[in-house]
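Because the structure is a prediction, the values reported are computed rather than measured. All heavy atoms count here, side chains included; hydrogens, waters and symmetry mates do not.
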Amino acid sequence: MYLSSVSFYIPELLASLTMVALLIMEATYNGEGKKTLFNSVSYIGLIGTFFALLCNLNEAPISIFTGSVVIDSFGTFVKILMVLGTIFSIYLSTDSLDIHSEQKSEFSILVIGVLVGGMLLASAHNLLILYIGIETLSILSYALASFRKNDERSSEAGLKYALFGGVVSGIMLFGMGHIFGVLGTIDFLEIGKGIANIKDGYQIALLIPSLLFFMAGIGYKIACVPFHMWAPDVYEGSPLPVTTFFSLIPKIAGITAFLRVTIVFFAKNEGILQHSWIATLAVIAALTMTVGNVSAIGQRSVKRMLAFSSISHAGFMLLGVLVLDKVGAQSILFYASTYVFMTLVVFFITSFVQDKYGNDHFERFSGLIYRYPFMAIFMSVSMFSLAGIPPFAGFVAKFNVLSALISKDFYTLALIAVLNSVVSLFYYMKIIRLMVFGKVESQEKIERLSFRNQVIVGLLSLPILILGIFWSGLIHFSGSTEIFLQ
Amino acid sequence: MVNPTSTLLNWILWMPLLGVLGILFIPKQKEGMIRFWSLINTAITFLLTICLYSQFDPSVSGMQDKFKIFLPWIKDFHIHYFLGVDGISLPMILLTGLLFFLCILSSWTVSKSVKAYFSLLLFLQCNVFGVFLSLDFFLFYVFWEVMLIPMFFLIGVWGGENKEYAAVKFFLYTFFGSVLMLVGMIALYYHSGKGIDSFNIIALSNGRFVNDTLTLFGAQFPFAKLVFLAMFIGFAIKVPVFPFHTWLPHAHVQAPTAVSVILAGVLLKMGTYGFLRIAFPIFPNASVYFSDAIGWLGLVNVIYGALCAMAQTDVKKLIAYSSVSHMGFVMLGLASMTVQGMNGAVLQMFNHGTSTAMMFLLVGVLYERSHHRWIVRPDGSKGFGGLYTQMPLYSIIFIIAMFASMGLPGLSGFISEALIFLGIFDRFTTITVLAVIGLLIGAAYLLWMFKRMFFGEVIEECKSYTDMTPREVLYMIPLCIAVIFFGIWPAPILNIMKASVGHLVGLLGNYH
């Protein structure tokens, strides 16, 4: 029984093994070529995970380990995206000057650990596993946030993150405890049935705040308003590869958990609980988009601006959750796939600029097109795409979320969402303006970026261009993925 | 063997993009080659549009079957690559082909990043064709939006001193309008049942949404009117209809000459084309319902644009505001909902395209000599004076352009404005009377500008100005011919649009 479960769990095990192997190597090996060895081990491990996930992609939904974890094509696809994000974050860290060279191996260990937590979170099917997933993800993230040990800002970021995170974990556990108390089970399916059968007004009155507490726990991880206060400081204080990683993996994992919980708990159970959950999610999503975007306008640091913009994108993805059906899930998958590539391109280029000029203030981007024309073009493409301008993938992603919303008559939310993309265009355009219209800083020595990095950025931009026009295949595929419901 | 006619629209649409690809392979230093390549490319495109004109059957009212291209694009959403042409889009396609060709000629002197400039211009042309040719709403929207990107860079990089502000304002304004349109478009998709034809503009154009309702904030609203309003804002920003016009003067003044020509000559028409192709046919009842408002807004455009133009001291800004005024006439023609009025509106779209393009090109010619555009400088001294004696040939062409845009009988503007007034008189008598005042103001500001710039003493600065070069004359000639020819004999254009416009008016007529 367990053995057959394990065969579905190979990707997670591979990732964990990679982490353990790296950990042992870090403690024992200190000879020549440590860096190369470390990198190759982590790449091989993650690519192995990637292929193991690909093999799982066509499996019918199944629950393993006596129903505590589910393997379904939706979750597997999300995990593939997370693995891709991790691979490229590690790649970014190898060249980045933002991380001290002796710490690079630690970085790989920690991000793979967070990845394992995220994968667990994305496939958790009872409250405890979900909690373990969140905690694995969080505790390692605290360490990642305070990565630059001697930097005050980084330490502050880590402390802030840990402090808030601890409180929210407590609140979440409190909520879970009450859910268990009322319904007598921690299994998602059983909870779903329990919610369907609940009649007692007192029990409902108790469940509503418990569910809200539960929601706060996941909401904290994807930094949605009002649980977002930690995010900008942490994102700014952390080294750039860490920020890149933070804006991808925890967000995608959190959104997946949200979607799973929402669909399993509420898809079939109309009633006051469903209404209050959906209404709360709608308010949270609208606030997340708006606050994220409006705060991004005033920033002077590109990293901080991108942090706020990633908050608003999480809000956009949340919109897909509250549609409560497959169309919503489909739109989230598409959004997440494009979001991974857009974010990676933007952060890669920001990282190169920051490494070249010492900081990531807006002025550093001035006249970038005259110095690194390709970088400026890719950056512009990604930013237009993030704002949702066709013919780039970001537009299609937004189109899908909007059409999912409108299919359920959420017109107000759709309007808020599109007005938010207008606002976001404004601050993305600030960078594009500087890059293309700005003056080149005086008599700077023009260095070439390494050819390898240019190729990588080019490859990462390719999906943004292709998925903007030929998105038939991906949307069809994401529509065919399944979520475990039985 | 594929019939060449059936792929003609593909060739017209993608020829400019082939041009862009070609430019990418030419080394940056060979600027002359890039210019020639672009010129040849646009010339071929223009010839293709002429081919289209010659193959066009003016007696068919709907889309011409022999040109239709219909291929699946996104199966899950029933989005198609659907191109077609009818009598309303054909004049716009001709105009686009002609103006881009002339703009390449007029951009010969651009020296900053030549390669990027010509690639962007050709890329823009591809998107403009896309807007006028698409019959799938999604495809239309994509072209409508993509067009902003080359425009943004063309204004922002090659523009005047305040170019960044103008480029950003243009982009944000238009984007704001189009996202509302996007929501309307998706709403339309779900309301028409997510079927095979839910993005098909032609299939939607049968008034099927007349009685639908939409729940918003818990209240019931008529679906057609609400979505019509969303699209109205999207299109009105492009036209631009008062009060959404504030981006226009900035964009025009800051843009380089060729881009101003394209902006005024073609892009503004995309707004009114949107009404004719999408908003009116899909929501005939809402269009009739709002036609009073459209009429009054059009009147405000006419009067307000003319008064603003009167107050300008920058000649390019003056012409920009005159565009606002002239697009007001188009709106009046649309509001009339009669055959004459609508014909006049489409004809005015074409005629304004040629006459205003002439004006902007002429200002560009002058700017290359003077490097300023002040009629009266901020300190009160004259910016130009006595140009008539200094540049006689230039002055003659200027007079033709000016009278054409003023609407003098015998030149193109007159016919279209007369048709519009004929069409609108019965329905909105007050508006007609007031709009005639706009015509008067129009004559006043143009003549006053002419007097200040061309007559009087030759001021010191103007003495060094030379008359037009052969290249400059070359690109003015086709426009001069168009303005005079269609002023005397508008039938070639009127004939092709008549059937299609009649069809649209017939559809609207069911809801009066």
* To do: Please report the shortest heavy-atom distance between E145(B) and P390(A), naming the atom on each side.
  => CB-CG, 3.1 Å
* **Residue pair F77(B) / I475(A), side-chain heavy-atom distance below 4.5 Å** => yes
* To do: Could you give me the CA-CA distance, side-chain angles and deciding distance for L172(B) and M429(A), then say whether side chain to side chain contact (heavy atoms under 4.5 Å, CB included) is met?
  => CA-CA 9 Å; L172(B) 279 179; M429(A) 226 151 55; 3.9 Å; yes
* Got a second to check how far E164(B)'s CD is from L434(A)'s CG, nearest 0.5 Å? -> 7.0 Å
* To do: Mark yes when over 12 heavy atoms from residues, nucleotides or ligands other than F374(A) sit less than 6.0 Å from its CZ; otherwise mark no.
  => no
* To do: Measure distances from L214(B) to the heavy atoms of chain A and classify the residue's part below 4.5 Å as side chain, backbone, both or neither.
  => side chain
* **Sub-4.5 Å side-chain heavy-atom contact between W471(A) and D76(B)** => no
* Do you know which of S407(A), A387(A), P391(A) has the most heavy-atom pairs under 4.5 Å to chain B? -> S407(A)
* Structure fact -> Looking only at G388(A), S421(A), A417(A), the option with the highest number of non-hydrogen pairs under 4.5 Å against chain B is S421(A)
* Structure fact -> Under 4.5 Å to a heavy atom of chain B? For L405(A) that would be neither
* **Sidechain-backbone polar pair: W73(B) side chain, S472(A) backbone, donor-acceptor under 3.5 Å** => no
* Greater than 12 external heavy atoms within 6.0 Å of H275(A)'s NE2 -> yes
* To do: With ring pair (Phe, Tyr, Trp, His ring centres under 6.0 Å) as the test, would you mind laying out the steps for F152(B) and F437(A) before giving the verdict?
  => CA-CA 11 Å; F152(B) 175 67; F437(A) 309 158; 5.3 Å; yes
* To do: Count the heavy-atom pairs under 4.5 Å between each of I149(B), I79(B), L182(B) and chain A, then report the option with the highest count.
  => I149(B)
* **Side chains of L180(B) and L415(A) in contact at under 4.5 Å (non-hydrogen atoms)** => yes
* Minimum side-chain heavy-atom gap V168(B)-K430(A) below 4.5 Å -> no
* Asked: Would the number of heavy atoms belonging to other residues, nucleotides or ligands and lying under 6.0 Å from CD1 of I272(A) be above 12?
  -> no
* Decide yes or no for R433(A) and F171(B): does some side-chain heavy atom of the first lie under 4.5 Å from some side-chain heavy atom of the second? => no
* Asked: With distance as the sole test, does Y190(B) use its side chain to make a donor-acceptor pair with the main-chain N or O of S403(A) at under 3.5 Å?
  -> yes
* Asked: To the nearest 0.5 Å, how far apart are CD1 in I369(A) and OG in S113(B)?
  -> 8.5 Å
* Look at T412(A), I432(A), V423(A), L419(A) and state which one has the largest set of heavy-atom pairs under 4.5 Å with chain B. => T412(A)
* To do: Mind ranking F470(A), F426(A), F410(A) by heavy-atom pairs under 4.5 Å with chain B and telling me who comes out on top?
  => F426(A)
* **F138(B)-F399(A) aromatic ring centre distance below 6.0 Å** => yes
* Asked: If you count the non-hydrogen atoms of other residues, nucleotides and ligands that lie under 6.0 Å from NZ in K28(B), is the total more than 12?
  -> no
* Does some side-chain heavy atom of V142(B) sit less than 4.5 Å from a side-chain heavy atom of F395(A)? -> yes
